[in-house]
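Shown next, in C-alpha cells, is the structure this report addresses.
Everything numeric here is computed off the predicted structure, so don't read it as measured data. Numbering of ligands and ligand atoms starts at 1, following listing order. In this chain, numbering begins with 1 at the start of the sequence shown.
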Amino acid sequence: MVDLKNQYLRIKNEVDAAIAQTLNTTTFINGPQVTEFAHNLGLFLRVKHVIPCANGTDALQIAMMALGLEPGDEVIVPTFTYVATAEVIALLGFVPVMVESDPETFNVRAEDIINAITAKTKAIVPVHLFGQCVDMEPLLKLAEDHNLYVIEDTAQALGAEYTFSDSTIKRAGTMGTIGCTSFFPSKNLGCYGDGGALYTDNDDLAEKVRMIANHGQAKKYHHKMVGINSRLDTLQAGILNVKLKYLDEYAANRNAAADYYDKAFSGVSGLQTPRRQNNSTHVFHQYTLIVNNGKRDELKAYLETRGIPSMVYYPLPLYAQEAFKNDKYKAENFPTAEYLCSSVLSLPIHTEMTEEQLNQIAAAVLAFFNSQR
Ligand SMILES: *Cc1c(COP(=O)(O)O)cnc(C)c1O
C-alpha cells in the first residue's frame with residue numbers, strides 16, 4: 001500500500017546525515033532537532049505553537065486532558081474512523097458520542113453533529129479522513145453557538161488546506177481549538193518509528209499541553225498536575241525535518257496518482273471514485289473507492305489473485321467494535337456507516353508510484369468490472 005523503501009532511498013543522504021548528527025551528539029531526548037522541527041512545522045502550518053509528542057493517540061489524549069473536561073462529559077466523534085479517536089475519550093472517562101459521516105466525502109457534517117449535541121456535550125472531534133478537510137466552516141459555527149471545543153484529528157490530512165467563504169485559507173488542524181497529528185511511518189509525514197504533535201494558536205492551552213506531555217511539570221521536579229510522558233525523540237525529529245521539506249511534493253505525487261485512478265475509473269458503473277470538495281485540497285492519505293452492489297469483497301479477492309494489495313478502511317464502525325458496544329447504538333441508526341463499511345476499498349497510493357504500477361492496478365480493477373458484464 002506504501003513504498004517507504006524507495007521514498008527513503010530518494011532522500012537517503014539527507015536522512016542519514018540527520019541521523020548521524022544525533023548519534024554524534026547523543027542528545028537522544030530533547031535534542032535541538034526537536035525544537036527545530038516544531039518551529040519548521042509551525043511555519044508550514046502557519047500556527048503559533050507546535051508541541052511534539054510520542055504518537056497521534058497521545059496527541060489526542062493530551063488535548064482532551066488539557067481542555068479540562070470532566071468524567072461523563074460527552075465528546076462527539078465520527079463512527080467511521082480509526083479507533084484512536086474514540087479510545088482516548090473512553091480512557092479518560094468521557095463519553096464518545098458517535099455520528100454518521102457524509103457517504104461521499106467520508107467526513108462528518110455539522111448537520112449530523114447538531115442532532116447529537118446534549119447539555120453534556122463539551123467537544124467535537126472532526127477527523128479529516130483520508131486526507132480531505134471536514135467542511136469546517138459550518139462545524140466551527142455550530143461549535144461556537146454551543147460553546148464546544150473543536151479537537152481536530154489531522155493524522156491523515158497533514159498539509160491539506162481549507163478555504164473559508166471569506167477566502168481565508170487554513171491548514172488542517174489549525175482551524176479549531178487544537179489540532180492533533182501522527183507521524184506514524186505510513187502517514188503523509190511519517191517518521192521511522194512513532195511520533196505525533198499538537199498545534200494551537202492559544203498560548204495558555206499550548207503551555208498546558210507542554211506541561212501535560214512532560215509529567216505535568218512546570219519547573220524541573222515541580223509537578224503542577226498529573227501528566228504523562230510523551231516525547232518525540234531527537235532521531236525522529238531529525239528525520240521529520242528532512243521529510244517536511246518534501247511534504248508538498250509528496251502531496252503532489254499522491255494527487256497525480258489519484259488523478260490517474262479518477263480518470264481510469266470514470267464511467268465504470270458500480271464504482272464510485274472519491275468525491276473532492278471545492279473548499280478543501282486533498283492530500284490523499286488514502287484513495288478510497290465505493291464498490292456498489294455488494295461486490296467489494298469480490299473485487300478485493302480478485303485483485304489479490306493478481307498480486308495487487310487493497311485495504312478496507314474501515315471494516316467496522318466504532319459502535320460495532322466490541323470495545324465500544326453499547327445498547328444505545330443500533331446499526332439501523334447508522335445506515336451510512338453500515339454502507340461504507342461494507343462498500344469501501346482503498347487502493348495503493350503513495351509518493352513513489354510509477355506509471356506502470358498505476359497502469360497495472362487500474363487495468364486489474366477494470367478487468368474485474370468487465371468480467372461482471
Ligand atoms: C493514525 C491515526 C491516529 C493515531 O496515530 P498513532 O500515531 O498511530 O497513535 C489517530 N487518528 C487517526 C484518524 C489516524 O489515522
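- On a distance-only criterion, Tyr314 and ligand 1 share no N/O pair closer than 3.5 Å.
- Shortest contact from atom 9 (O) of ligand 1 to any protein heavy atom: Thr57 OG1, 2.5 Å.
- Side-chain atoms of Val47 and Arg171, non-hydrogen and from C-beta on, never get closer than 4.5 Å to each other.
- Salt bridge status for Lys120 with Glu74: absent, with no side-chain N to carboxylate O gap under 4.0 Å.
- Salt bridge status for Glu137 with Lys141: absent, with no side-chain N to carboxylate O gap under 4.0 Å.
- At the top of the distance list for atom 15 (O) of ligand 1, counting protein heavy atoms only, stands Gln156 NE2, 2.9 Å.
- Put simply, the side chain of His350 gets close to the backbone of Glu352: a donor and an acceptor are under 3.5 Å apart.
- Electrostatic pairing of Glu298 and Lys295 counts as a salt bridge here, judged by a charged N lying under 4.0 Å from a carboxylate O.
- The nearest heavy-atom contact from the protein to atom 13 (C) of ligand 1 is Asp153 OD2, 3.4 Å.
- Aromatic ring centres of Phe37 and Phe183: separated by under 6.0 Å.
- The distance criterion of under 3.5 Å between nitrogen or oxygen atoms is met by Gly56 with respect to ligand 1.
- In this structure, Phe324 has its ring center at least 6.0 angstrom away from the ring center of Tyr319.
- The contact set between ligand 1 and Val127, taken as ligand atoms under 4.0 Å from a residue heavy atom, comprises 13 (C).
- At a 4.0 Å cut-off, at least one heavy atom of Lys187 sits close enough to ligand 1 to count as contact.
- Taking a cut-off of under 4.0 Å to the non-hydrogen atoms of Asn55, the atoms of ligand 1 that pass are 7 (O), 9 (O).
- Within ligand 1, the atoms closer than 4.0 Å to a non-hydrogen atom of Ala84 are 4 (C), 10 (C), numbered from 1 in the order shown.
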